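Working notes for the structure below.
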Amino acid sequence: MSSSDRSQAVGVNKSYEIRTYGCQMNVHDSERLSGLLEEAGYVPAPKDGDGADVVVFNTCAVRENADNRLYGNLGQLAPKKAARPGMQIAVGGCLAQKDRDTIVKKAPWVDVVFGTHNIGKLPVLLERARVQEEAQVEIAESLEAFPSTLPTRRESAYAAWVSISVGCNNTCTFCIVPALRGKEKDRRPGDILAEIEALVSEGVSEITLLGQNVNAYGSDIGDREAFSKLLRACGTIEGLERVRFTSPHPRDFTDDVIAAMAETPNVMPQLHMPLQSGSDRVLKAMRRSYRQERFLGIIEKVRAAMPDAAISTDIIVGFPGETEEDFEQTLHTVRESRFAQAFTFQYSKRPGTPAADMDGQIPKAVVQERYERLVALQEEISWAENKKQVGRTLEVLVAEGEGRKDEATHRLSGRAPDNRLVHFTRPDEPVRPGDVVTVEVTYAAPHHLLAEGPAKAVRRTRAGDAWEKRNAAPADKPKGVLLGLPTIGAPAPSPAPTAGCGCD
């Protein structure tokens with residue numbers, strides 16, 4: 001879609017708000033939607049204002065009650081729209097791709113429905129709905145333009161998502177994402193590296209390579225080692241201090257990727273590796289193409305190459321047909337893997353997936369009891385693994401908005417190289433998000449580390465300069481491509497959004 005097509009819609013002096021649900025792909029898409037709207041003349045709605053002229057829902061379809069949540073929120077907006085002439089409501093994302101015309105039938109006050117493949121059309125569809133005074137529903141069946149070609153409004157100056165592929169070629173029985181996002185489509189390596197270099201030139205010091213199945217990168221362009229080559233190429237970019245990626249799939253996690261991680265200094269010692277289940281029988285029913293032995297073998301190789309790596313995972317409890325013996329195999333795998341963190345989910349039917357119609361659906365009470373046992377085990381392991389960090393000296397990339405109690409405790413917060421969250425005593429000298437502070441860990445909790453002593457060193461960075469420049473700029477109507485990472489729903493980048501759909 002050309003810029004001239006996008007410029008047909010003009011929202012001069014109109015405000016917008018985007019409400020994002022689901023995985024990191026949706027979060028990144030919302031950055032694009034913000035960029036599109038601002039290019040078309042819209043401005044972000046003030047957080048303390050009386051509402052926005054345009055409200056966009058970027059939806060998720062991977063939970064059983066996703067539609068109920070959407071229609072409940074739409075229902076709350078109906079009276080506000082009736083009282084605010086000219087207000088528009090748009091619904092996009094995975095649920096829009098799936099439900100299409102149903103949305104307008106259930107909520108006729110919605111103005112625009114668009115899908116995962118045509119987010120670039122949002123400003124045009126809003127203008128068309130305004131002129132024609134009727135709802136516009138436009139769902140593309142395939143990708144119209146790679147999202148990274150669209151303008152972007154990012155919320156942070158020091159860290160950024162960089163999408164390397166969209167779609168997924170897997171057929172996991174619990175996951176509807178491939179049906180809504182389509183088959184995997186890879187970007188050219190040169191385009192990815194050019195985007196990273198542009199981000200770094202503006203002050204970004206940390207990037208997270210993003211894909212529905214990120215380490216399958218190369219299958220679309222015919223190069224099985226494309227992902228490891230991309231990691232190594234990131235290591236040659238001057239000024240790029242930290243490289244992460246999410247989410248890989250055990251099937252495609254090859255030795256060359258482990259070697260590239262271990263041998264590329266700016267690739268961080270962190271890995272999010274979705275397990276889903278430790279039972280071979282359940283993994284087969286899930287249509288996962290690995291088994292417990294293969295998974296544990298990957299963990300062993302990663303730890304041999306990077307002893308300090310922090311490994312996190314996703315786990316689903318209560319998949320149809322899961323027996324107590326199957327669940328015990330999951331607990332065994334968790335004990336053997338020693339995850340730093342696990343994002344655990346009670347199985348939820350995804351309408352349109354094979355698992356939703358499988359026999360052996362587990363009673364809620366049984367799922368809840370197993371879930372609580374798993375959480376208790378993982379809490380114990382997370383705490384034990386974090387206690388090993390006490391006494392270590394870490395370089396912490398100062399973050400914005402990650403420590404909710406920072407003001408009250410007079411602390412700052414940030415991420416260690418392995419992505420652990422660290423709260424530390426505020427240094428005497430000024431420190432900005434994007435700067436790096438060297439601290440010694442004095443205490444460990446299951447989900448964070450604490451450094452209570454004085455900072456050993458403070459390094460002011462170009463990323464901190466970029467943050468300072470952005471925050472010193474006028475707050476009225478930013479234009480063009482801004483750099484950074486969203487803070488929608490949870491701090492990022494971190495493993496948590498990785499687990500948003502639990503589908504990798």
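Here the structure is a predicted model, which is why all the values come from computation and not from measurement. Keep in mind that the numbers below use all heavy atoms, side chains included, and drop hydrogens, waters and symmetry copies. Count residues from 1 along the sequence.
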Is the positively charged end of Lys469 above the ring of Trp467, judged by distance under 6.0 angstrom from the centroid and angle within 45° of the axis? no

So, the side chain of Arg350 versus the backbone of Phe174: is there a donor-acceptor pair under 3.5 Å, distance only? yes

Please check if the side chain of Asp220 supplies one atom and the backbone of Lys185 the other of a donor-acceptor pair under 3.5 Å. no

Could you list all the side-chain hydrogen bond (donor to acceptor under 3.5 Å, both in side chains) pairs where at least one residue sits in residues 437-451, not counting sequence neighbours? Glu379-His447, Thr442-Glu452

Once side-chain hydrogen bond (donor to acceptor under 3.5 Å, both in side chains) is applied, what residue pairs with a partner in residues 233-243 remain, sequence neighbours excluded? Glu241-Arg459

The criterion is side-chain contact (heavy atoms from CB on, under 4.5 Å); which residues satisfy it with [X], sequence neighbours excluded?
X: Lys388; answer: Glu385
X: Ala262; answer: Ala305, Met306
X: Ala285; answer: Phe319
X: Glu325; answer: Thr323

Any ion pair linking [Y] and [X] (charged N to carboxylate O, less than 4.0 Å)?
X: Arg415; Y: Glu206; result: no
X: Arg460; Y: Asp465; result: no
X: Asp29; Y: Arg32; result: no
X: Glu202; Y: Arg470; result: no
X: Arg370; Y: Glu322; result: yes

ring-ring contact (aromatic ring centres under 6.0 Å, His included) involving Tyr217 - partner list, sequence neighbours excluded: none

If the condition is ring-ring contact (aromatic ring centres under 6.0 Å, His included), which residues does Phe339 pass it with, not counting sequence neighbours? none

Taking salt bridge (charged side-chain N to carboxylate O under 4.0 Å, His left out) as the cut-off, I'd like each qualifying pair that reaches into residues 264-276, sequence neighbours left out, listed once. none

Can you list every pair that meets salt bridge (charged side-chain N to carboxylate O under 4.0 Å, His left out) and has a residue in residues 252-267, with sequence neighbours left out? Arg232-Glu263, Asp255-Lys301

Between [X] and [Y], does any side-chain donor sit less than 3.5 Å from a side-chain acceptor?
X: Asn58; Y: Ser30; result: yes
X: Asn170; Y: Arg287; result: no
X: Thr246; Y: His272; result: no
X: Thr344; Y: Gln378; result: no

Hey, mind stepping through Arg420 and Gln341 against side-chain contact (heavy atoms from CB on, under 4.5 Å) and telling me if it holds? CA-CA 9 Å; Arg420 283 183 166 93; Gln341 194 173 13; over 6 Å; no

Contacts of Glu395 meeting side chain to side chain donor-acceptor pair (under 3.5 Å) (sequence neighbours excluded), chain-then-number -> none

Below 6.0 angstrom between ring centroids: does that apply to Phe245 and Phe227? yes

Is there any ring pair (Phe, Tyr, Trp, His ring centres under 6.0 Å) pair reaching into residues 177-200, and which pairs are they, with sequence neighbours excluded? none

OG1-CG distance between Thr59 and Asp99, expressed to the nearest 0.5 angstrom: 8.0 Å

